[in-house]
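Take a look at the structure below.
Numbers here are sequence positions counted from 1. No hydrogens, no waters, no symmetry mates; every other heavy atom, side chains included, goes into these values.
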Amino acid sequence: MRVLTTVGLAVVASLGTHAPVQERQEPSRLASTVTVMHPPINEMSGIVKSRTYEDVYWVHNDSGDEARIFAVRADGSVVMPSWVGDRYYANQPMDGKEPYPGIKLDAAHNLDWEDIAIEGDTLYIGDMGNNGNARRDLGVYVLKEPNPAATSRTRVLKWLPVAYPDQDAFPGDRWHFDCEALFVHEGKLHFLTKHRAGASGDLPENGTKLYRLDTEHTDRVNVLTLLDSKQDLGGWVTAADISPDGKLLAVLTHFPISSVWLFDVPAQDNKLLSGKARRFVFSGGKQCEGVCFVDDRTLLVTNEQREIFRLSVDRFSPAEAR
């Protein structure tokens, strides 16, 4: 993820066209419950809860890391197969042993992994980061969920190349083709874009567009379907997830306002950003990059500093997204 410089922050303060227009909500202090201390998890980006293994959450690092994923518990501990214990340690450093490197994914490459999603026992990893606004190799890795206590290496099933229907220049004329939010709804992958402004895309533009993947070609590019959009959520969109009962869409934003939005999912409508909305505005989250539902009433928010925050749906207040 691109991080603003001090100069960029000053420019944002004076850039009225991209400043949030949302009604002001006094931010609540978000206190971390745990910190993932495992050294190889050094820039935690996406998170999603397993539906097969109890108290297992899949996480990955941001761009430039190896093609690998980690299974962590809600208490921040790492799950590791016992049979690799002669060489690696998971949660307690041990002399002569290296930290467990996670589950390696063969036939994959982490160019800019930004989010992870799940449907049943299938994981989807979005290599959709596009800081330069010029990528023509965006896509999603698909793999069967490995058993984290018995597997240290697996192979992706397929790579789904994708493209935006409204992008015809590379780099695009607008900085609207970066994506850090991926989720599955009604059996199909959905994407929320992160918009940027400025000559080099260093400034936040707080809108987003919602796209859906309607085909799964592996031999040619899948053109996404544009479903919905919002002009202002108060910050960059950095993650999203659907509640287990499919009734709530959680959307995480970071800078200039950190918040989580909850949208009521309409029963017979693809405009998932147009339902009744609630919002929780917070401070103290640092660089928040991941969100997932624990259950229908509880969420976890994570940041790149490896902290995990727990958030109840009851803390959200009615709000209007524009």
Provide the full list of side-chain hydrogen bond (donor to acceptor under 3.5 Å, both in side chains) pairs with a residue in residues 152-161, sequence neighbours left out, each pair given once.
Asp106-Arg153, Lys158-Glu216
Under the side-chain hydrogen bond (donor to acceptor under 3.5 Å, both in side chains) test, which residues partner [X], sequence neighbours left out?
X      : value
Ser317 : none
Asp295 : Thr298
Asp245 : Ser243

Under 4.0 Å between a side-chain nitrogen and a carboxylate oxygen: does that hold for Lys194 and Glu205?
no
Can we say Lys286 and Glu307 salt-bridge, meaning some charged N sits less than 4.0 Å from an Asp/Glu carboxylate O?
yes
Within 6.0 Å of CD in Glu66, more than 12 heavy atoms from elsewhere:
yes
Just grab all the ring pair (Phe, Tyr, Trp, His ring centres under 6.0 Å) pairs involving residues 182-230, residues at least two apart or on different chains.
Tyr164-Tyr211, His176-His195, Phe183-His190, His185-His190
Just grab all the ring pair (Phe, Tyr, Trp, His ring centres under 6.0 Å) pairs involving residues 77-98, residues at least two apart or on different chains.
none
Quick one: CZ on Arg136 to CZ on Phe170, what's the gap to the nearest 0.5 Å?
4.0 Å
First locate atom OG of Ser50, then atom CD of Glu145, and finally report the distance between them rounded to the nearest 0.5 Å.
3.5 Å
Can you list the residues that meet the salt bridge (charged side-chain N to carboxylate O under 4.0 Å, His left out) rule with Asp65, with sequence neighbours excluded?
Arg68
Residues at least two apart in sequence or cross-chain that pass salt bridge (charged side-chain N to carboxylate O under 4.0 Å, His left out) with Asp55, listed by chain then number, are none
Residues joined to Val313 in its hydrophobic cluster, side chain to side chain under 4.5 Å directly or through other members, sorted by chain and number, are Leu30, Leu248, Leu252, Val260, Leu262, Phe280, Phe282, Val291, Phe293, Leu299, Val301, Phe309, Leu311, Phe316
Any side-chain heavy-atom pair of Glu289 and Glu180 under 4.5 Å
yes
Residues passing the side-chain contact (heavy atoms from CB on, under 4.5 Å) test with Asn133, sequence neighbours excluded, are Asn130, Pro171, Trp175, Phe177
Could you name each residue pair satisfying salt bridge (charged side-chain N to carboxylate O under 4.0 Å, His left out) that touches residues 115-128, not counting sequence neighbours?
Arg51-Glu119, Asp121-Lys144, Asp127-Arg135
All pairs passing salt bridge (charged side-chain N to carboxylate O under 4.0 Å, His left out) where residues 249-275 contributes a residue, at least two apart
Asp264-Arg278
